[in-house]
Amino acid sequence: QEGFLKVFTNIRQLKKVDAIMWWMKKIFVNEALIFYKKQMNFYSVDSITPEMEVIGHLSGEEEMTLSHISTENITDLIRQLPNKMRLVFNLYILEGYTHQEISEMLKISVGTSKSHLHDARKILQHKIKQLEINKIRTGRI
């Protein structure tokens with residue numbers, strides 16, 4: 001809501017109409033970060049698709065496993081990550097920011113950003129394997 005208000009209030013400042021998507025994205029991400037800092041809550045993900053590079057480079061077997069997991073399950077797994085880890089993961093994987101940009105936005109080191117992303121991927125890999133094991137045990141594959 002705050003993002004839309006800022007967009008409409010400052011739309012006259014936009015000089016290149018071609019850049020409107022980038023400009024709006026920047027406003028919304030910044031507003032989300034401001035909200036996060038105020039609330040110490042997480043930057044949420046409404047949905048992601050299995051085609052996204054969720055856990056890094058996947059082997060053929062891992063891709064097959066991931067294709068059997070619903071979008072809701074993947075989103076739930078991401079939401080279970082610790083707050084800072086989830087925030088870095090979302091900004092890097094889903095929003096496409098670099099570690100340098102993330103470090104500046106969150107006022108953390110580039111190394112910390114990389115570490116959070118690495119840990120998030122490891123946790124997600126483990127949780128996805130556990131999910132698959134549970135599906136096999138219950139015969140839902």
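Residue Phe4 holds its CZ atom at 10.5 Å from CD1 of Ile27, rounded to the nearest 0.5 Å. From Arg86, atom CZ reaches atom CG of Asn90 across 7.5 Å, with rounding to the nearest 0.5 Å. Considering CD1 of Ile102 and CG of Leu117, their distance stands at 7.5 Å, rounded to 0.5 Å. With values rounded to the nearest 0.5 angstrom, Lys26 atom NZ is found 11.5 Å from Glu95 atom CD. The CD1 atom of Ile74 lies 12.5 Å from the CZ atom of Arg79; values are rounded to the nearest 0.5 Å. In this structure, Lys6 NZ and Gln13 CD are separated by 10.5 Å, a value rounded to the nearest 0.5 Å.
Both tests pass for Lys25 against the ring of Tyr97: distance under 6.0 Å to the centre and angle within 45° of the axis.
Residue pairs meeting the ring-ring contact (aromatic ring centres under 6.0 Å, His included) criterion with at least one partner in residues 100-138, sequence neighbours excluded, do not occur; the list is empty.
For the pair Ile128 and Gln125, the minimum side-chain heavy-atom distance is 4.5 Å or more. Side-chain contact check for Leu87 versus Asn83: every heavy-atom pair is 4.5 Å or farther apart. Trp23 places a side-chain heavy atom less than 4.5 Å from the side chain of Ile11.
With sequence neighbours left out, Tyr92 forms a ring-ring contact (aromatic ring centres under 6.0 Å, His included) with His99. Partners of Ser109 under the side chain to side chain contact (heavy atoms under 4.5 Å, CB included) rule, at least two apart in sequence or in another chain, are Thr112.
Following chains of ILVMFWY side-chain contacts shorter than 4.5 Å, one cannot reach Met24 starting from Leu5, and the two form parts of different hydrophobic clusters. Hydrophobic clustering, with ILVMFWY side chains joined whenever heavy atoms are under 4.5 angstrom apart, groups Phe28 together with Leu14. There is no path of hydrophobic side-chain contacts, each under 4.5 Å, that joins Ile133 to Ile123.
Shown are Asp119, Ile93, Ile78; of these, the side-chain contact (heavy atoms from CB on, under 4.5 Å) with Leu124 is made only by Ile78.
Nearest heavy-atom pair, Ser113 versus Val88, reported as atom, atom and distance to 0.1 Å: O-CG1, 3.3 Å.
Using modelled atom types, no side-chain atom of Glu104 and backbone atom of Glu101 make a donor-acceptor pair closer than 3.5 Å.
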